[in-house]
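For reference, the structure is listed below as structure tokens.
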Amino acid sequence: MKSKQWIGAVLLALVAGVVPLVVSACYYRIGLKEYPWFADSEATYDFFLYWKGQMLILLCGLLALYVAARQLAGKERGWQGRIEGKYFIPLLLYFLLSLLSAVLSEHGDMAVWGGYEQWEGVIIITAYVVVLFFAIFLLEGRTQIRVFLCVFLSCVFVMTVLSVFQYCGHDFFRTGAGQAVMNFMIKKKLKFTFNFEIGRVYATLYNPNYVGSYVALVLPIVLSVISRGGRMSGMRNRFAIVTAAGLLLMLIGSESVTGCIGVAASLLLAFAFVLADPGVSRKKVAVGAGVCVLASAVVVCVNRPVFTYGVNKIFHPTPNRFAVRSMESREGALVVTTAGGDVLKLTCEQGGGRYHFAAADDRGTAVEVYEEGELVKFGDARFEEIQLRPEQVDIDGEETDAFIVETPSFGRSYTVIPSVETYTGPGLSQRVFYIKNPFGKKDKLRHIESVGFEQNQHFGSRRGYIWSRTFPLLKDHMLIGSGPNTFVFEFPNDDYIAMKNVGYDGSVVTKPHNMFMQIWVQTGFLSLLAFLALYMFYFAASMKLYFRKTGYRRGELLGIGILLGTFGYLVTGLANDSTVAVAPVYWCLLGAGIAVNRYNKLTGGIADDEREYTADSH
């Protein structure tokens, strides 16, 4: 290999290996205080995402400088053959549509630079595109690929060590040294508390769900380096086996059902390759499948409570337990929809220091209203779970008349503030109903669109609720999205009734827990098509290259490993989001996979001899 051509491979490996390991505090202004659905907090700390993004940007800059220096020195030749249009066109389209969405976004600052709990603005998306491009460009020969793999797997090993210690109850970040690392980038030193119980693995990835995505992405690649012969194979195999075992413990400790599904999907695709091999022994396949099933059964039995909980989240989610599904202010009435779909239209007039109520159903039929002491109740079986009582509330330092909508059987209560507002035209006024939200702010009750999951709001750890509110957003972003990192503004975070019903009271939803809907809403449906087209071209090329072969050489096993890992990652994307904690690994490995495919096509697999092949070799 020519002098110093390994530098680019090392920089790429640092993107895939070191960026996920970066952890340190960052104090920043949130910029959401002005919205009624957010608390009055001016600023907060980020520990797991911001500096990962900054490290990614730094490494992209170094990669760009390295490539520019080689071009200026005239040491880079034959590079045109490494960039195929079938990859470049969808990649460019994805980037341009993301950029356009950021430029046209109503929340430009966050769309460009990122922000609250995400830090994945268009600058970071550009970094993803750059990393993939340079991975295709720079990983041209056997030595570059091996250097990349060696450095990357070393970093994965470090991640597994941290995770195994967490699994065993010895969390590095709960030690003095770990807290010093987390305090490294700020002047005011903090004492940390942790949301996750001891023994739960979150690694350095912010959330156990992202641990599942990481393992699904990396595990097949680690397993692919195991071989039956060659120099140093014994040491390499032992290292790979230990790292793979660490990744499995990492997955189990994270309790990520999505990660398990991603790994299972990769395993099924791997068996498809094995079964398609004309020379494979069906007996060995059956034995291998039996071993996998047995190992999985042992893991499930040992961790039965965890897996039972995970299965129940999908197949037996917590049933809905509320009497009021929604409330909205409409045409001078408070429109209350019950869990059973019945509608109560409530009007009120103020007199004698109290509210006087009248009610009707959605057909206009009057509903009896009667009083029991301070309580107001309804003489209709459909609404017997609902009662009202007067209340004085403090809004912006002023006492205001209000009433509480209570459902005692379910332990829910909602504070409603009636107000008379004047509209266009002299004397034209209407009663408008507001709610006092969990942040002590007054916000108008409005209609919130939802699609599906009416009886399964808790499906997949309340993903049913989030998805039901995300589906209606999709139709508004067919061409251009709302801007990267702006899902928090699109999601109806003022859906106070439903959020309280599912246990999100006082929370802010910043992501849809589905990478594909995240891309659709934020950068548009066309950008999602470009994102998927890029991977489908890679998937099709990989299947053409590796499927139905008789035996595989080392380089081909690596190519298959990257294919399986990226496939598993996309499967986890059905229930997890794109995040700067894991996404740089995916984009870098996708580029590496394309480069490895090109090299395998040229050489028939990474050769075991010492001859150096590159993209322009003949």
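Just so you know, residue 1 is the first one in the sequence shown, and it goes up from there. Predicted model only: the values in this text are computed from it and were never measured.
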- Query: Is it the case that more than 12 heavy atoms not belonging to Ile89 sit under 6.0 Å from its CD1 atom?
  - Reply: no

Would a 4.5 Å heavy-atom cut-off, applied to side chains only, mark Met159 and Met250 as touching?
yes

Q.
Please determine whether the number of non-hydrogen atoms from other residues, nucleotides or ligands lying under 6.0 Å from atom CZ of Phe196 exceeds 12.
A. yes

Exercise. Would one find more than 12 heavy atoms of other residues, nucleotides or ligands at under 6.0 Å from atom CZ of Phe192?
Worked result: yes

* Asked: Ignoring hydrogens and geometry, is there a side-chain-to-backbone donor-acceptor pair from Ser163 to Ala203 under 3.5 Å?
  -> no

Leu14 side chain reached by Leu62 side chain, heavy atoms, under 4.5 Å:
no

Do Thr143 and Val147 have side-chain heavy atoms sitting under 4.5 Å apart? yes

### Task
Using the six-membered ring wherever Trp is involved, compare the ring planes of Phe157 and Phe239 and label them parallel, tilted or perpendicular (cut-offs 30° and 60°).
tilted

_Is there a side-chain contact between Phe487 and Val509 in this structure, where contact means two heavy atoms from C-beta onward sitting under 4.5 Å apart?_
yes

Original post:
Is a side-chain donor or acceptor of Thr160 paired with a backbone partner of Gly246 at a separation under 3.5 angstrom?
Top reply: no

Margin query: Donor-acceptor pair, distance only, cut-off 3.5 Å: does the side chain of Thr175 make one with the backbone of Asp171?
Written below: no

For Val130 and Thr126, run side-chain contact (heavy atoms from CB on, under 4.5 Å): C-alpha distance rounded to whole Å, both residues' side-chain angles, the deciding distance at 0.1 Å, then the answer.
CA-CA 6 Å; Val130 168; Thr126 301; 4.3 Å; yes

Check: Do Leu11 and Phe134 have side chains that get closer than 4.5 Å, going by heavy atoms?
Finding: no

All heavy atoms of Val580 vs all of Leu49, minimum pair found to be CG1-O, 3.5 Å

One should read off an interatomic distance between Asn514 CG and Ile466 CD1, to the nearest 0.5 angstrom, of 10.5 Å

- Is any side-chain heavy atom of Met543 closer than 4.5 Å to a side-chain heavy atom of Phe273? yes

Exactly one of Leu589, Val596, Val10, Leu153 clears side chain to side chain contact (heavy atoms under 4.5 Å, CB included) with Phe148, and that residue is Leu589

What is the ring orientation for Phe531 with Tyr586, classed by angle as parallel under 30°, tilted 30 to 60°, or perpendicular over 60°?
tilted

Q) After noting the C-alpha distance and the side-chain angles of Thr523 and Leu97, does the key distance pass the side-chain contact (heavy atoms from CB on, under 4.5 Å) rule? A) CA-CA 6 Å; Thr523 57; Leu97 289 169; 5.6 Å; no

| Quick one: are Leu219 and Leu248 in side-chain contact, heavy atoms under 4.5 Å? | yes

| message | Could you check whether any side-chain N or O of Trp113 sits under 3.5 Å from a backbone N or O of Gly121, counting only pairs where one atom can act as donor and the other as acceptor? | response | no

Phe516 and Trp467: aromatic ring centres closer than 6.0 Å? no

Hey, is the main chain of Phe537 close enough, under 3.5 Å, to the side chain of Lys86 for a donor-acceptor pair?
no

Does the gap between the ring centers of Phe47 and Phe173 come in under 6.0 Å? no

| task | Anything under 30° is parallel, anything over 60° is perpendicular, the rest tilted; go ahead and classify Phe48 against Tyr206. | result | tilted

Is the CD1 atom of Ile198 crowded by more than 12 outside heavy atoms at less than 6.0 Å? no

Would a distance-only check, ignoring hydrogens and angles, find a side-chain to backbone donor-acceptor pair under 3.5 Å from Gln166 to Gly199?
-> no

Would you call the rings of Trp587 and Tyr128 parallel, tilted or perpendicular, taking 30° and 60° as the class edges?
parallel

**Message:** Within 45 degrees of the ring normal and closer than 6.0 Å to the centroid, is that where the cationic atom of Arg174 sits relative to Phe194?
**Reply:** yes

Point to revise | Flag side-chain contact, heavy atom, 4.5 Å: Leu93 against Leu529 | key: no

With distance as the sole test, does Asp46 use its side chain to make a donor-acceptor pair with the main-chain N or O of Cys26 at under 3.5 Å? no

dist Leu269:CG -> Leu563:CG (nearest 0.5 Å) comes out at 5.5 Å

Original post:
Between Gln118 and Asn485, do the side chains contain an N or O donor and an N or O acceptor separated by less than 3.5 Å?
Top reply: no

Rounded to the nearest 0.5 angstrom, the CD-CG distance for Glu556 and Leu545 is 6.5 Å

CD1 (Ile136) and CD1 (Ile594) are apart, to the nearest 0.5 Å, by 4.0 Å

On a heavy-atom basis, the closest approach of Leu12 and Val131 is CD2-O, 3.9 Å

**Q.** Heavy-atom donor-acceptor pair, Arg463 side chain to Gly460 backbone, under 3.5 Å
**A.** yes

Inset, instruction - Return yes if a side-chain donor-acceptor contact under 3.5 Å exists between Asn597 and Tyr546, otherwise no. - result: yes

Exercise for review: Evaluate the ring-ring contact (aromatic ring centres under 6.0 Å, His included) criterion for residues Tyr538 and Tyr87: first the C-alpha distance (whole Å), next the side-chain angles of each, then the deciding distance (0.1 Å), finally the verdict.
Suggested key: CA-CA 8 Å; Tyr538 163 70; Tyr87 301 125; 7.2 Å; no

Tell me whether Arg554 contacts the main-chain N or O of Val225 through its side chain, where contact means a donor paired with an acceptor under 3.5 Å.
no

Item to complete: Apply the test side-chain contact (heavy atoms from CB on, under 4.5 Å) to residues Thr204 and Val22: give CA-CA distance (whole Å), side-chain angles for both, the deciding distance (0.1 Å), then the verdict.
Response: CA-CA 7 Å; Thr204 60; Val22 173; over 6 Å; no

| query | Taking atom types as modelled and ignoring hydrogens, do the side chains of Glu120 and Thr579 form a donor-acceptor contact shorter than 3.5 angstrom? | reply | no

Pair Tyr116-Thr510, side-chain donor/acceptor within less than 3.5 Å: no

Should Tyr569 and Met515 be marked as a side-chain contact (heavy atoms from CB on, under 4.5 Å) after you check the CA-CA gap, both sets of side-chain angles, and the distance that decides it?
CA-CA 10 Å; Tyr569 172 80; Met515 180 172 64; 3.9 Å; yes

Taking every heavy atom of Thr258 against every heavy atom of Ala575, the minimum-distance pair comes out as OG1-CB, 3.6 Å

Taking every heavy atom of Val222 against every heavy atom of Ala244, the minimum-distance pair comes out as CG1-N, 3.9 Å

For this session: Could you tell me whether Met55 atom CE has more than 12 heavy atoms of other residues or ligands within 6.0 Å of it?
Result: no

Tyr210 side-chain N/O to Asp577 backbone N/O, donor-acceptor pair under 3.5 Å: no

For Ser256 and Pro208, the nearest pair of non-hydrogen atoms, with its separation, is CB-O, 3.7 Å

Separation between CG (Leu558) and CG (Asn600), nearest 0.5 Å, reads 7.5 Å

Between the CD1 atom in Ile560 and the CD1 atom in Ile221, the distance rounded to the nearest 0.5 Å is 12.5 Å

For Leu132 and Leu534 the tightest heavy-atom approach is CD1-CD2, 4.1 Å

